[in-house]
Amino acid sequence: MAIQIRKNLEAAPNPTTLPRRVELLQTLRSTLPEEPITIEYRLAPDHQIWFQDGDDPPAKSFVRQENVGTADQVCRDRITLVIGPGTGPLALVQIDQTITDSLGILQPDLVLVQIQK
């Protein structure tokens, strides 16, 4: 396997209020000198928490590209969590993640974010 998760996905601030820009942090390493990866983040389709990226409409997923080498690398993604249509209110939201390496191997991870009122 080419990509290694050295430190699992975290969100900051956690707990948080909404709407709020959160930072998703994770430490990765590759067994290759340099490797392009794709990172996808997803929220469950039925609840009221959504991602908002700039002026784009709210979405239940977003994708980022990254290059990772043999040294531990902290990958940071910043996205705003907002309230939108769906069931709710929620006190805890799960953000699922899938990393796809250059060989097409999928690695899952997740983080739970506590939502405060």
Side-chain angles (χ1 to χ4, degrees):
M1 185 175 331
I3 293 294
Q4 301 169 351
I5 297 175
R6 305 288 290 165
K7 187 172 181 187
N8 288 90
L9 187 63
E10 296 177 354
N14 190 7
T16 190
T17 57
L18 299 181
R20 182 71 177 253
R21 190 166 184 83
V22 296
E23 186 171 64
L24 300 172
L25 301 149
Q26 184 176 49
T27 304
L28 302 174
R29 177 186 351 189
S30 176
T31 57
L32 302 174
E34 183 173 66
E35 179 173 13
I37 63 170
T38 301
I39 302 172
E40 179 184 14
Y41 301 96
R42 292 173 315 283
L43 295 166
D46 58 342
H47 63 63
Q48 67 175 10
I49 309 301
W50 293 70
F51 295 120
Q52 176 78 55
D53 193 12
D55 293 331
D56 293 338
K60 286 293 188 167
S61 67
F62 74 100
V63 176
R64 299 284 192 251
Q65 307 296 319
E66 191 77 51
N67 286 314
V68 177
T70 55
D72 283 2
Q73 178 178 328
V74 177
C75 297
R76 287 181 170 84
D77 290 306
R78 292 173 183 93
I79 191 87
T80 302
L81 294 176
V82 298
I83 297 173
T87 60
L90 291 180
L92 197 61
V93 66
Q94 179 173 312
I95 300 174
D96 292 305
Q97 178 200 57
T98 302
I99 301 167
T100 305
D101 69 14
S102 62
L103 301 174
I105 297 170
L106 306 177
Q107 277 208 295
D109 203 356
L110 65 86
V111 64
L112 298 173
V113 180
Q114 183 180 354
I115 307 300
Q116 294 179 324
K117 293 186 181 215

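Since we're looking at a predicted model, the values are computed, not measured.
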- Any idea which heavy atoms bring L112 and N14 closest together, and the distance? O-ND2, 2.8 Å
- Item | Least distance between heavy atoms, P45 atom then K60 atom | O-CE, 3.8 Å
- Are side-chain heavy atoms of F51 and I95 found at a separation under 4.5 Å? yes
- Q52 side-chain N/O to T80 backbone N/O, donor-acceptor pair under 3.5 Å: no
- Distance from K7 atom NZ to D109 atom CG, nearest 0.5 Å? 12.0 Å
- Task: Could you grab the distance from atom CZ of R42 to atom CG of L110, nearest 0.5 Å is fine?
- Result: 10.0 Å
- dist R29:CZ -> R6:CZ (nearest 0.5 Å) comes out at 3.5 Å
- What closest approach, in Å, do Q94 and L43 show between heavy atoms, and which atom pair accounts for it? O-CD2, 3.7 Å
- Message: Is the shortest side-chain heavy-atom distance between L81 and R20 below 4.5 Å?
- Response: no
- Would a 4.5 Å heavy-atom cut-off, applied to side chains only, mark L24 and I39 as touching? no
- Message: How long is the straight-line distance from CD1 of I83 back to CG of L90, given to the nearest 0.5 Å?
- Response: 9.0 Å
- Task: Working to the nearest 0.5 Å, report the span between OG1 of T87 and CD of Q48.
- Result: 7.5 Å
- So among E10, R76, Q97, which one has a side chain to side chain donor-acceptor pair (under 3.5 Å) with Q26? Q97
- Assess whether side-chain contact (heavy atoms from CB on, under 4.5 Å) is satisfied between D101 and L32, documenting all intermediate values. CA-CA 11 Å; D101 69 14; L32 302 174; over 6 Å; no
- Query: Counting only N and O atoms by type, is there a donor-acceptor contact under 3.5 Å from the side chain of T98 to the main-chain atoms of E40?
  - Reply: no
- Task: Output, in order, the C-alpha distance, side-chain angles, deciding distance and verdict of side-chain contact (heavy atoms from CB on, under 4.5 Å) for L28 and I5.
- Result: CA-CA 5 Å; L28 302 174; I5 297 175; 3.8 Å; yes
- Message: Evaluate R64 against I79 for side-chain contact (heavy atoms from CB on, under 4.5 Å), listing each step before the verdict.
- Response: CA-CA 11 Å; R64 299 284 192 251; I79 191 87; 4.2 Å; yes
- Query: Can you name the closest pair of heavy atoms from N67 and P36 and give their distance?
  - Reply: OD1-CA, 3.2 Å
- Message: Walk me through whether L9 and Y41 qualify under side-chain contact (heavy atoms from CB on, under 4.5 Å).
- Response: CA-CA 11 Å; L9 187 63; Y41 301 96; 4.1 Å; yes
- Query: L25, V68: one ILVMFWY side-chain cluster at the under-4.5 Å cut-off?
  - Reply: no
- Report yes if some heavy atom in the side chain of V113 is under 4.5 Å from a heavy atom in the side chain of L92; otherwise report no. no
- Where E66 and Q73 come nearest, the two heavy atoms and their spacing: OE2-NE2, 3.3 Å
- Taking all non-hydrogen atoms of both residues, which atom of A11 and which atom of V111 are closest, and how far apart? N-CG2, 3.7 Å
- Item | Atom pair OG1 (T70) and CD (E35), whose distance is rounded to the nearest 0.5 Å | 11.5 Å
- Message: Under a 3.5 Å distance rule, please check whether W50 uses its side chain to pair with a backbone N or O of P57 as donor and acceptor.
- Response: no
- Task: Identify which one of L18, I49, T16 satisfies the side chain to side chain contact (heavy atoms under 4.5 Å, CB included) criterion when paired with V93.
- Result: I49
